[in-house]
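First listed ligand is number 1; within each ligand, the first listed atom is number 1. Note that the structure is predicted; figures quoted are calculated from it, not measured. No hydrogens, no waters, no symmetry mates; every other heavy atom, side chains included, goes into these values. Numbering of residues begins at 1 and proceeds along the displayed sequence.
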Amino acid sequence: MTDPVRVRFAPSPTGRLHIGGARTALFNWAFARANDGAFILRVEDTDSERNSEDSLHSILASMRWLGLDWDEGPEAGGAAGPYFQSERRDSYQAGIERGLAEGWLYRCFATSDEIQALRDAHREQKAHGCWASPSRDLDPATAERRAADGESCVLRFRVPLGEEILVRDHIRGEVRFRSDEVEDWVAVRSNGMPTYNFCCALDDDAMRISHVIRGEEHLVNTPKQILLAQAMSLRVPDFAHVPLILGEDGKKLSKRTGDTALGDYIDKGYPPEAMFNFLALLGFSIDDKTTVFNREELLAHFDLKRISKGGALFDTAKLHFLCAEYIRHTEPAELAQRLQPWLDQAGLQPPSMDSEQAGSDSASTSRKPWLETLANAFRERLGLYSELPDKAAFLFSDHVEIDDKAQKALDAEGAQDLLLRLAEALEQEPLFPPADWSAWIKNQAAIMEVGMGKLMKPMRAALSGTLGGPELADILVLLGRDRVLQRLRGASVRS
Ligand code: GLU
């Protein structure tokens, strides 16, 4: 029987969740969900100087926003906890003592300047293999005495010479490292706190992690973690190193070419489903043609074999296409809920709908149909949620900003007169808007003996201040009878 799938996302809470981290989390989540496995969130907070509570909260919030729920970890608990490395020190201590006793850890007294000088000299000589710490061959009893006397030291892992380390990677195939090229890495800092590589290998074993799915930048750490696992007879997990994310300049994604924190996209009003779909496409594909897919479709097709080795391009145009696509396909009631905070933030208060339209008498519930009509009217016209307040401002204010093209339409010969006649006709209708709007307006054009465009253009201009925007029928509903008549009549005095 094969071991159950258990994967982990292991962020360090030293900043907001990076796009690359979000993509790694998503792939781990998808692999767990597609294989009836467990998705574990482990917080790698060994660097006490750089950790912060705020970072942790924003990472958790970003994961929730993407809908990446975890089965074990902070707030979820679980049998393999604690899930904060800072709370697992006891378990590391046993490993440290064992390493010293067995000799695969040794005390190194060289200062960081001395180590740097060794590295530089080694590089200058273009020597084979790796630089060696002067403490590597110290007699352990002497080293122990020096440490007991208070001399500062770190603990290094004694990398064996002349071995080959094989990484079996689900994306890259077999990757081989020569142990001679791997330095004696620091396993425990001088303050006694073990380092990432040490804690990571021990925790992956203790938490029975079956697959380590992480960014390609960690491939250099993998031989170190495998050597430690071998020294301690731990189980070596399977690996999958996902490709780097490249900016549009072909270089590693960085602040230079765009936002790198997921939170920036949340703050700017990107739809979560679009971001989810987009992140999944950073290295993964269902086939060679499908761009738009939801969570279920991803899970139905998710396979580590379908993740590419080559860099994944952060294609901004594709992201924007996806945003518009998801907004367009969101149900109006749901979209209204998503858009409401953006209106609130801009201080735009939805008016209540006329009771004849809303069929409701309480002010708060009658805003709901208005908001849904608004959402439906703008569904095809938004790239981001945050664009709504600007685009819909004419519905909220008494003053309509008229742009140049609209002004031209209002200044056209006869336009003002047509608008007054239109107001007249509308006022006489028992229903507002008239039941069959397109038939009604056609009929008006016929009565007034003008083409439809001649009538609709100034009407649009008077009501919204632009010639673009939502359907006229929606604008009528959203403005309500009084404001429509006011604007049609006001257009003649405005200019
Ligand atoms: N704490 C590491 C990071 O944030 C995790 C690397 C790993 O997944 O092993 O990059």
Side-chain angles (χ1 to χ4, degrees), residues 5-32 37-52 54-60 62-63 68 70 72-74 80 82-88 92 157 167-172 175 185-187 189 193-229 234-245 252-254 260-263 279 282-283 304 307:
V5 164
R6 288 176 60 82
V7 291
R8 85 304 192 271
F9 175 54
S12 303
T14 55
R16 301 209 285 168
L17 183 61
H18 189 273
I19 288 290
R23 190 264 318 252
T24 299
L26 189 151
F27 283 177
N28 275 285
W29 174 88
F31 188 68
F39 176 46
I40 294 150
L41 179 59
R42 181 171 80 215
V43 182
E44 304 212 319
D45 56 348
T46 56
D47 190 348
S48 52
E49 277 164 29
R50 296 178 57 224
N51 296 326
S52 79
D54 280 358
S55 299
L56 176 65
H57 287 139
S58 91
I59 291 170
L60 300 191
S62 291
M63 288 182 62
L68 306 180
W70 53 97
E72 297 174 31
Y83 295 92
F84 287 86
Q85 288 188 328
S86 57
E87 294 170 18
R88 302 180 63 83
Y92 306 138
F157 185 89
V167 179
R168 282 181 218 284
D169 190 291
H170 283 264
I171 297 168
R172 267 143 237 283
V175 187
W185 48 278
V186 175
R189 300 183 183 89
M193 193 63 198
T195 58
Y196 156 68
N197 277 313
F198 191 85
C199 301
C200 178
L202 263 63
D203 288 349
D204 284 343
D205 176 71
M207 296 179 180
R208 302 185 320 285
I209 299 301
S210 60
H211 297 72
V212 168
I213 304 170
R214 61 184 170 198
E216 182 186 326
E217 66 277 16
H218 285 292
L219 188 57
V220 292
N221 291 317
T222 307
K224 299 175 185 169
Q225 294 170 12
I226 290 180
L227 285 171
L228 175 59
L234 308 178
R235 181 185 177 283
V236 176
D238 283 16
F239 291 95
H241 289 91
V242 301
L244 283 183
I245 300 174
K252 194 174 168 211
L253 186 69
S254 77
T260 51
L262 188 70
L279 289 171
L282 289 173
L304 294 175
I307 296 179

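Counting atoms of ligand 1 from 1 in the listed order, those under 4.0 Å from a heavy atom of Glu44 are 1 (N), 2 (C), 5 (C). Near Arg214, meaning under 4.0 Å from one of its heavy atoms, ligand 1 places the atoms 7 (C), 8 (O), 9 (O). Annotation for ligand 1: atoms under 4.0 Å from non-hydrogen atoms of Cys200 are 9 (O).
Aromatic rings of Phe31 and His170 (six-membered ring for Trp) have centroids beyond the 6.0 Å cut-off, not under it.
Remark: the Tyr92 side chain and the Asp203 side chain contain an N/O donor-acceptor pair separated by less than 3.5 Å. Gln85 and Asp45 are not linked by any side-chain donor-acceptor pair at a separation below 3.5 angstrom, with hydrogens and angles left out of the test.
When only non-hydrogen protein atoms are considered, atom 9 (O) of ligand 1 lies nearest to Tyr196 OH, 2.5 Å.
The parts of Ser12 lying near ligand 1 are both backbone and side chain, judged by heavy-atom distances below 4.0 Å. Under 4.0 Å from ligand 1, not a single heavy atom of Phe9 appears.
A salt bridge between Glu72 and Arg6 is present, with a side-chain N of the basic residue lying under 4.0 Å from a carboxylate O of the acidic one.
Shown here for Arg214 and Cys200, the closest heavy-atom pair between the two residues is NH1-SG, 3.9 Å.
Comparing Arg8, Gln85, His218 against atom 8 (O) of ligand 1, the shortest heavy-atom distance belongs to Arg8. The heavy atom nearest to atom 4 (O) of ligand 1, out of those in Ala10, Gly20, Ala201, is found in Ala10.
With a 4.5 Å cut-off on side-chain heavy atoms, Phe239 and Ile226 count as touching.
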